Protein chains: 2
Amino acid sequence: MDLVDREGLAALTMRRLATDLGVEPMALYRYAASKQALLDGVIEMFFAEVNADLAAQTVAEHARPQAEAAVAWRQELQRIAHAYARVAQAHPSVFPLVATRPVTLPLARRPAPMLQLNEHVLALLARSGFDEHTRLRIYRALTAWVVGYLLVDKRQMIDNPEEPDPLLRLGLHRLPAAQYPHLRATAPLLADHDAERELASGLGILLDQAAEGPAGAARAAGRTP
Amino acid sequence: MDLVDREGLAALTMRRLATDLGVEPMALYRYAASKQALLDGVIEMFFAEVNADLAAQTVAEHARPQAEAAVAWRQELQRIAHAYARVAQAHPSVFPLVATRPVTLPLARRPAPMLQLNEHVLALLARSGFDEHTRLRIYRALTAWVVGYLLVDKRQMIDNPEEPDPLLRLGLHRLPAAQYPHLRATAPLLADHDAERELASGLGILLDQAAEGPAGAARAAGRTP
DNA sequence: ACCTGAACACCGTTCAAGT
DNA sequence: ACCTGAACACCGTTCAAGT
């Protein structure tokens, strides 16, 4: 993970890692069955860090009085989203791997820390009184929004970091004004927004509707399950 | 793209593509400056297909009376999300590339079809009377939710496709019931949900709140900008 | 139990050369 | 303008062997 953080995903090769560890390439195969298994190990470390973050906070907040059950699950999911986002931003080169790997990795083969986080979310929602289908809907809303938002938020806008002029730094001279007037006008604003707040408020609204029911009419009165 | 669809991303190498085309590997460098440029070409084809989908529909619906401006932008963004989802599902091996590449590709260097789609969305929102910051908030909500949802929706649940028994097919015997009771209980339901509907309703609720304002209190009365 | 060393079948990309 | 051919510096992984 250190190697990926320092030099990017492409730098993580069996041979490179081996020389960094002062060992022959084949020695690594005692610890990981393949390159893919090694990458899954990196994903494992990512989720272990998320869990450690959450556990550390939990201890600190144990003193505080328990919030009423109706809002507690919302707060807890926001807390999870926040921890996940922090870790994603701490390891920007690892995150694309974490975001896409589950597409090909069967559920039952996921690393334990990832399964533990999944279980934690589902158990929390069960305790809050949601039926199975609602639990899954909320679970999907949480992960889809957090993963998607972190993927678009981290998008690269800067074309030439050396350039002092903001327009040239963004490389907007490459976009013909006739073809892309709105993109040119709006692009400079892409960088300055409160990502944390947008992530949290989008999540809040999705949780509301997912908890209310599949129709998502979103004008229901109560919010308690 | 055909090669990736048939045999996965890993099969797309300069050498393999060259032999498929009956040519020496170095001949490809007349058409793409590097492997990365080739991959960006695949992303370009992805967005070209989304745009073609949208254009085809537009012609067909031209006859219908124009909906009132207040709802038109919502419908159009739903239509875009739907087209994007269709293309993502048509090219499942390409989609992870499309979802993660913008993280490292500067805005101004994106392929034209991708920029055209971006411009289309921003122009639509401008015509609907939204200010610059609201346009961006809606734009981010759209792409984050669609990309994130397609990433989680497509997640692999099946561990052993050969196995007739549903529990073993999912590989749930790998998950100790003591450690993961909720995950085990809920996993079989992960596959059966109406993804199209969930995607559309989540998007609907996000668009409502993004249009209403940054606070996202979500209890505002009107929906017109 | 843990590591080495040689070998194999691949990669992307360079350079110089051909038609 | 378009393609070839040899070469270079890498890959992941095999197999057999060492301590």
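From a predicted model like this one, the values you see are computed outputs, not experimental measurements. Note on naming: letters A, B, ... go to the chains in the order of the sequence lines (proteins, then strands), and numbering restarts at 1 for each one.
- With rounding to whole Å, A:Glu24 atom CD is found 15 Å from D:dC15 atom C1'.
- Using a 3.5 Å distance cut-off with no hydrogens or angles, the side chains of A:Arg16 and A:Thr19 do not pair a donor with an acceptor.
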Under 3.5 Å, which N/O atoms of the protein pair with N/O atoms of nucleotides 9-13 of chain C?
from	atom 1	to	atom 2	distance (Å)
C:dC11	OP1	B:Thr13	OG1	3.4
C:dG12	OP1	B:Met14	N	3.0
C:dG12	OP1	B:Lys35	NZ	3.3
C:dG12	OP2	B:Met14	N	3.0
C:dG12	OP2	B:Arg15	N	3.4
C:dG12	N7	B:Arg15	NH1	2.6
C:dG12	O6	B:Arg15	NH1	2.8
C:dT13	OP2	B:Tyr29	OH	2.8
C:dT13	OP2	B:Lys35	N	2.8
C:dT13	O5'	B:Tyr29	OH	3.4

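- The side-chain contact (heavy atoms from CB on, under 4.5 Å) search around B:Met45 returns B:Met1, not counting sequence neighbours.
- Comparing C:dC2 with D:dA16, their P atoms are spaced 22 Å from each other, to the whole Å.
- Proximity of a side-chain donor or acceptor of A:Trp145 to a complementary backbone N or O of B:Trp145 within less than 3.5 Å is not detected.
- Identified under the salt bridge (charged side-chain N to carboxylate O under 4.0 Å, His left out) test for residues 168-193 of chain A, with sequence neighbours left out: A:Asp159-A:Arg174.
- Here B:Tyr84 and B:Phe46 bring their ring centres to under 6.0 angstrom of each other.
- Legend: salt bridge (charged side-chain N to carboxylate O under 4.0 Å, His left out) pairs involving residues 82-98 of chain A, not counting sequence neighbours, sorted by first then second residue: A:Glu49-A:Arg86, A:Asp53-A:Arg86.
- For the pair A:Leu21 CG and C:dC2 C1', the computed distance is 14 Å after rounding to whole Å.
- Residues passing the side-chain contact (heavy atoms from CB on, under 4.5 Å) test with B:Arg127 are B:Ala123, B:Leu124, sequence neighbours excluded.
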Stepwise side chain to side chain donor-acceptor pair (under 3.5 Å) test for B:Asn118 and A:His182: CA-CA 9 Å; B:Asn118 296 342; A:His182 296 94; over 6 Å; no

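- Annotated stems with DNA chain C as a participant read C:4-8 with D:12-16, C:12-16 with D:4-8, given as range with range, by first number; only runs of 3 or more Watson-Crick or G-U pairs under 3.5 Å qualify.
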